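Naming: A, B, ... by sequence-line order, numbering from 1 per chain. Keep in mind it's a predicted model, so treat the numbers as computed, not measured.
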Amino acid sequence: MRIFNTLTNKLETFKPIHKDTVNMYVCGPTVYNYIHIGNARPVIFFDVVRRYFEHMNYTVNFVSNFTDVDDKVITKALEDEMSEQEIANKFIDAFYRDAQRVGSSTKYLAPRVTEYMSSIISYIERLIDKGYAYQVEGDVYFRVTKITDYGVLSGRKVDELKAGTRIESNDKKESPLDFTLWKKTDVGITWPSPWGEGRPGWHTECVAMINDIFGGKIDIHGGGSEIKFPHHENELAQNKALEGADIANIWMHNGQLNIDDKKMSKSEGRVILVKDLDYDYMGFRLFTLSTHYRSPINYTDETLTNYVKEWEKIRRVYKQSFYTLDLKDALEVKAEQSPMLKGIELKFMDAMDSDFNTANAITELQNLVKHTNQILRKKDTEAELKSAIELFDTFFKILGLNPGVTKLSASDKAIYMAWHDARKNKDFDKADRLREQLQSRGIL
RNA sequence: GGUCCCGUAGCCAAGUGGCUAAGGCAAUGGACUGCAACUCCGUGAUCACCGGUUCGAAUCCGGUCGGGACCUCCA
């Protein structure tokens with residue numbers, strides 16, 4: 001299987017560091033607000049990455065953090081007259097609800113910065129010991145100029161960065177590119193450190209936690225493309241300083257989700273929160289996976305509506321297939337996979353093997369829909385239908401789509417049979433009444 | 001200002017040197033049908049523009065126009 005490595009800008013054949021295991025870390029949210037639909041994109045995509053590796057029988061150690069120490073958290077806590085911890089807990093709960101809404105698993109290790117404070121402090125101490133960081137009046141900064149190839153991940157050159165006049169000037173820093181590892185402050189929650197009361201900068205938490213949890217280099221480090229610089233660049237720099245090597249074998253970055261072709265912006269009123277999305281969430285998930293993960297997605301109501309309809313179509317044929325077998329008590333029939341279905345399966349897996357090309361994988365899901373609809377029009381196809389259902393189940397599991405179809409109850413079946421008989425006897429008034437019942441039960 | 005990405009049918013979107021440029025939505029013709037819904041079959045593209053490299057370009061190179069992102073602890 002091949003994955004695009006943002007560090008080398010090339011497709012690379014995936015080779016795990018430890019046999020049959022994938023260690024991956026995805027930068028998680030700062031928990032000061034509800035997540036918006038752009039935040040949901042990596043939550044969905046990297047969930048699919050994990051699912052596909054698991055389908056390939058890897059053991060996946062998936063870790064995604066919560067940044068619960070941050071200026072924004074502190075500001076929000078002051079505004080709402082709550083503690084930072086209360087704010088964090090509130091929005092972590094909300095995050096889990098939203099992740100579940102869009103079909104992503106929440107059963108993974110989710111370390112919080114506040115739980116790893118001693119690791120972060122000792123990590124900074126080691127950077128100082130090695131001469132890669134320096135203390136000024138209770139602040140600690142990273143000495144970027146000591147990293148010779150700084151900018152390698154984001155494709156920037158130190159000279160160009162220095163030339164940028166927009167970098168905030170700070171007299172305490174040796175170089176404007178140096179970034180904060182520890183910030184002296186008495187605003188909001190603080191921790192004691194060898195440099196005094198304060199709190200850590202953003203860029204250390206991920207490397208410190210990765211080292212603490214995984215004990216070294218991981219296979220995949222992921223996140224949104226907008227945090228490639230400076231956040232991931234700085235993580236890489238810190239790890240090079242301490243270990244002389246990269247923190248991850250492969251860096252993966254997903255493209256952004258825009259609205260009206262522009263980045264979401266709270267100040268311009270261009271934000272849609274996941275919890276406020278007034279559409280079917282599976283349709284939304286399908287929408288986000290229908291574009292290759294490295295490309296930007298443009299959100300419009302029209303586009304999302306199309307994918308919601310598409311999901312209904314997928315779900316409908318699955319439901320019909322499932323109920324067709326259920327009504328015949330044939331759900332446990334032995335599946336017989338046709339060459340056609342085998343071909344669809346192979347192409348689906350090929351697409352996933354090619355840098356998680358979910359767009360092409362979904363095309364195969366659509367082929368399966370069409371083919372299954374053709375099977376449904378024929379008679380005596382239980383074994384073939386069963387095979388189609390199994391393939392749907394496989395695809396759904398990998399993509400994290402859930403049709404929510406369960407076995408019919410005895411009364412469901414009775415109504416269905418009565419409807420069938422009424423139509424057969426041309427008692428259409430009765431048939432229409434029964435049809436309404438079936439529709440209200442979600443069977444038709 | 002600097003760096004980078006993108007521009008494929010009305011819409012969404014794959015394809016990044018080689019058969020007639022996938023797939024979906026919409027539209028339209030047909031089939032199925034008690035009605036409706038669903039579903040199936042058919043119908044659509046000089047790949048933004050100009051020039052170059054090549055036997056061959058949507059794909060590589062240069063330019064033009066248009067859109068966007070990053071350089072601000074913004075997912």
Side-chain angles (χ1 to χ4, degrees), chain A residues 9 26-30 33 35-43 45-46 64 67 69-72 151 154-157 159-168 177 179-180 183 200-205 222-231 233-234 253-258 260-267 286-287 290-292 294-300 302-310 312-314 316-317 319-320 347 351 354 357-367 369-378 422-429 431-432 435 439 444:
Chain A
N9 281 320
V26 178
C27 289
T30 302
N33 201 347
I35 62 165
H36 58 60
I37 58 176
N39 301 128
R41 193 176 184 189
V43 171
F45 173 68
F46 288 106
S64 187
T67 300
V69 180
D70 179 277
D71 283 352
K72 292 193 287 287
S154 53
R156 285 153 211 273
K157 295 185 174 70
D159 291 345
E160 287 165 1
L161 289 167
K162 278 184 182 164
T165 52
R166 300 179 67 183
I167 291 172
E168 189 186 336
L177 296 184
F179 55 89
T180 305
K183 179 178 178 177
W202 179 36
H203 303 304
T204 309
E205 60 188 59
S225 57
E226 74 292 331
I227 57 171
K228 201 197 289 184
F229 186 90
H231 184 57
E233 192 71 61
N234 290 348
H253 292 98
N254 63 274
Q256 293 192 239
L257 191 154
N258 301 319
D260 296 332
D261 278 319
K262 291 199 178 92
K263 181 176 157 171
M264 262 186 262
S265 159
K266 207 182 279 183
S267 58
L286 190 69
F287 161 70
S290 290
T291 300
H292 187 92
R294 282 187 278 122
S295 299
I297 299 182
N298 189 39
Y299 173 95
T300 64
E302 185 193 1
T303 306
L304 180 53
T305 300
N306 282 342
Y307 284 105
V308 168
K309 279 169 61 182
E310 191 60 35
E312 282 169 4
K313 182 175 177 177
I314 294 165
R316 192 181 297 126
V317 66
K319 190 166 74 170
Q320 285 178 358
K347 279 194 265 185
S354 307
N357 193 329
T358 53
N360 282 343
I362 287 169
T363 293
E364 295 313 316
L365 175 59
Q366 290 171 324
N367 281 338
V369 168
K370 181 182 282 191
H371 188 64
T372 306
N373 271 316
Q374 289 168 339
I375 297 172
L376 276 170
R377 306 172 122 232
K378 298 189 289 185
R423 289 176 67 201
K424 205 172 174 184
N425 300 329
K426 299 195 189 293
D427 186 350
F428 297 124
D429 286 341
D432 287 350
R435 181 166 70 190
Q439 282 170 336
L444 283 185

Watson-Crick or G-U wobble partner of [N], both distances under 3.5 Å:
N	value
rG1(B)	rC71(B)
rG7(B)	rC65(B)
rU59(B)	none
rU53(B)	none
rA14(B)	none
rU39(B)	rA31(B)

Open item on the list: Could you walk me through whether Trp202(A) and Ile227(A) satisfy the side-chain contact (heavy atoms from CB on, under 4.5 Å) test, starting with their C-alpha distance in whole Å, then the side-chain angles of each, then the deciding distance to 0.1 Å, before giving a yes or no?
Closed with: CA-CA 11 Å; Trp202(A) 179 36; Ile227(A) 57 171; 3.7 Å; yes
- [ ] State, yes or no, whether a side-chain contact exists between Lys347(A) and Thr363(A) at a heavy-atom distance under 4.5 Å.
- [x] no
Task: Check: Lys313(A) and Lys309(A) side chains under 4.5 Å, non-hydrogen atoms - done: no
Task: Value rounded to 0.5 Å, distance of OG in Ser295(A) from CG in Leu257(A) - done: 12.0 Å
Open item on the list: Nearest 0.5 angstrom please: Ile297(A) CD1 to Gln256(A) CD, how far?
Closed with: 11.0 Å
Open item on the list: Taking Lys370(A)'s backbone N and O only, do any of them form a donor-acceptor pair with Asn373(A)'s side chain (distance below 3.5 Å, no angle check)?
Closed with: no
Task: Ser225(A) (side chain) donor-acceptor with Gly255(A) (main chain) under 3.5 angstrom - done: no
Using a 4.0 Å heavy-atom cut-off across all strands, classify [X] as base, sugar-phosphate, or nothing.
X	answer
Glu310(A)	sugar-phosphate
Ile362(A)	nothing
Lys263(A)	base

Interatomic distance, [X] [atom1] vs [N] [atom2] [rounded to whole Å]:
X	N	atom1	atom2	result
Phe428(A)	rG34(B)	CZ	P	6 Å
Glu312(A)	rC25(B)	CD	C1'	13 Å
Met264(A)	rA69(B)	CE	P	12 Å
Asn9(A)	rU3(B)	CG	P	17 Å
Asn367(A)	rA22(B)	CG	C1'	9 Å
Leu304(A)	rC25(B)	CG	P	16 Å

TODO: For each nucleotide in nucleotides 36-41 of chain B, reading 5' to 3', give B when a protein heavy atom comes within less than 4.0 Å of its base, S when such contact involves only the sugar-phosphate, and - otherwise.
DONE: B-SBSS
Open item on the list: Within the 4.0 Å limit for protein heavy atoms, which parts of nucleotides 8-14 of chain B are touched? Write it as a string from 5' to 3', B for base, S for sugar-phosphate only, - for none.
Closed with: ---SBSS
- [ ] Check Ala351(A) against Asn360(A) and note the closest heavy-atom contact, atom names and distance.
- [x] CB-CB, 3.7 Å
Open item on the list: Please determine whether a side-chain nitrogen or oxygen atom of Lys309(A) lies at a distance below 4.0 Å from atom OP1 or OP2 of rA26(B).
Closed with: yes
TODO: Tell me, please, which residues at least two apart from Arg294(A) pass salt bridge (charged side-chain N to carboxylate O under 4.0 Å, His left out).
DONE: Asp355(A)
